[in-house]
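Along the sequence shown, the residues carry numbers beginning at 1.
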Amino acid sequence: MDAATEVTRSLQGLSSELTSRIPQLLEAMRTVGAGLDLHITLDRIAQTAAELADARYAAIGIIDETREGLSDFVTYGVTAQQHQRIGALPDGHKGLLGALIHDPKPLRLADLGQDPRSAGLPPGHPPMRTFLGVPIQVQGEIFGNLYLTEKRGGGQFSEEDLHMVRVLAAEAGIAIGNARMHAATRQRERWIDGSVAVTTELLAGSDVDDALAVVAEQAQRLAESAAGIVLLPDGEGGLEIVAVSADDPTGIMGTHIPPDSPVAEQLLAGEPVFVDDSASDPRMVTAIAPRFGPSMMLPLKSGGRVLGTLTIPRNRGARPYTADERTLATQFAAQAALALVLADAQRDRERLAVLEDRDRIARDLHDLVIQRLFATGMMLESAHRKSTAPEVAQGVGKAVDELDVTIQEIRTAIFALQQGPAEAPSGLRTRVLREIGTAAVPLGFQPSANFIGPVDSRVGELTGKNLIAALREALSNAFRHAQASRIEVVVDATITLPDGSEGVRLTVADDGIGILPGGRRSGLKNLARRAESLGGSSTHGPGLGEGGSGTKVTWEAPL
């Protein structure tokens, strides 16, 4: 308010013409101060200034963080067609606009083209001759400059115009300060809400892959970026992309950053990396780097331990990240890392509880059920020997054989229950069977499995890992929602994808109640997201029940 008061005092004693325009100035100040949205406020300031000084065109150049150029340029009076003809907006590094950045003083010119600091107008630019420029201060610092050109009626901007615009610029500084504070508060609230959402989702029991995908999704949304990417150490000193949320995720999943990259070394040391342009920065050596512009690469670090890296790139040509955005994103990454650690600890506790329960069930099966079945078999054997009727002897013998098969199946189940996760062989076929065997316990029955083609040799490790995660998701959905009594799993490694490439197809079909209208779709979205990140797809349709009841999930990805 001091700035506004000082400039208003300078109006005292001036011409009656200026005095008569004070009501117009007060109305303009009231208009400028309305609202808290920063972009709307800037547009309103430009329009109000043009109307106050009777100018054809107005603009506000916002000085960037380096204080060497412009980060944004808001215009009034220039049509969309004229913008298209002009091309790129001025960056403030040269010409009269650049001079006003380094020497922010009020400036009034009868012909801007005659000023020695002028660099001329680009082709397609509307003609502009008269000029009035006034700096805008926000909380004691130069925020930018307000420019007016082309006084209507062919005259020049007067001294009274300059005084009026200076008062308006002082009020604009106050309005911009309020709008920036409001925007910063809203931005912080969004990032805090995003951190809470990530923590809540991770602690809800999602598996590791889904947890990382949640972090990537939230980061992309909060930063308004082209992608959210999570990388984990690959065991060879480099980093591998394991989770992607992007407008176009094709070709991103599985990308490696080699261990000799300076970026990998810095990130694994727990230091953030900020890149102005991924396409031109020599440190960005991956094949996907040319697709992006400004980027933040933030270590997911908790308690001195680096779990991985969160990368948030914007499209090429997009505005750079501000200092506030970098700070908020860094805090988000730290909170996400802590949530990942807590979620991992929670999963370990739940896994331990499951293993203890499985061990108890295995002991009960061995010590009680098998012993009783064995005793029953012995009794039937005795009855078989004593029986004189051939039909009875045949029936008892068949029952004894069935008991022997049942005992062998229970012993196989006991072995599976006692086998730890680390003991699982690496073949995809075996991993699929293991997932099905694990799901059989809560389902209460054993889903069937069918394999087509050389599954173990043809399906790559990245696709195989995601196929197992997709199978786990589909079986989990069937257990929680389908109320099924029959599930069939098919893995076909001989298919051809729509683009002509070779692929693998996972099919999980059940005879349950199907997908209810209005029900949750998060599981299906997870399946689709995982497939699309590999260049594949996921769909669902009618199941195995009568009339197509139930659900059939089809998940495809390149080999």
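- Looking at I288 and R291, their side chains come closer than 4.5 Å, going by heavy atoms from C-beta outward.
- Residue pairs meeting the ring pair (Phe, Tyr, Trp, His ring centres under 6.0 Å) criterion with at least one partner in residues 289-333, sequence neighbours excluded, are W191-F332.
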For this session: Give the intermediate values and the outcome of salt bridge (charged side-chain N to carboxylate O under 4.0 Å, His left out) for residues E473 and R530.
Result: CA-CA 11 Å; E473 180 80 42; R530 193 180 297 279; 5.7 Å; no

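- Atoms OG and CG, from S533 and N466 in turn, are 5.5 Å apart once rounded to the nearest 0.5 Å.
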For this session: Apply the test salt bridge (charged side-chain N to carboxylate O under 4.0 Å, His left out) to residues E271 and K301: give CA-CA distance (whole Å), side-chain angles for both, the deciding distance (0.1 Å), then the verdict.
Result: CA-CA 9 Å; E271 301 175 8; K301 183 172 63 173; over 6 Å; no

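- Judged by distance alone, with hydrogens and angles left aside, the side-chain atoms of D510 form a donor-acceptor pair with the main-chain N or O of T551 at under 3.5 Å.
- In this structure, a donor-acceptor pair under 3.5 Å is absent between the side chains of D324 and T322.
- Under the side chain to side chain contact (heavy atoms under 4.5 Å, CB included) rule, M297 has a single partner from L239, L310, I257, which is I257.
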Sequence neighbours left out, cut at 3.5 Å: what donor-acceptor pairs do the side chains of residues 442-455 make with other protein atoms?
none

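- If you take CG on L428 and NZ on K465, they are separated by 13.0 Å, rounding to the nearest 0.5 Å.
- Taking 4.5 Å as the limit, every side-chain heavy atom of T554 sits out of range of all side-chain heavy atoms of H540.
- Salt-bridge formation is detected for the pair E502/R458: a Lys NZ or Arg NE/NH1/NH2 atom is positioned less than 4.0 Å from an Asp or Glu carboxylate oxygen.
- Between T311 and V273, the closest side-chain pair of non-hydrogen atoms is not below 4.5 Å.
- Counting heavy atoms from C-beta outward, L231 and E240 have side chains that stay 4.5 Å or more apart.
- From Q266, atom CD reaches atom OG1 of T309 across 10.5 Å, with rounding to the nearest 0.5 Å.
- At a cut-off of 3.5 Å, with distance as the only test, no side-chain donor of S278 or D281 sits close to an acceptor on the other residue.
- Taking the side chain as every heavy atom from C-beta outward, I252 and I229 approach each other to under 4.5 Å.
- The pair R486-E488 counts as a salt bridge, with a side-chain nitrogen and a carboxylate oxygen less than 4.0 angstrom apart.
- Salt bridge status for E325 with R319: present, with a side-chain N to carboxylate O gap under 4.0 Å.
- A donor-acceptor pair shorter than 3.5 Å cannot be found between the side chains of D511 and S549.
- Between the side chain of T463 and the main chain of V459, no donor-acceptor pair closer than 3.5 Å is present.
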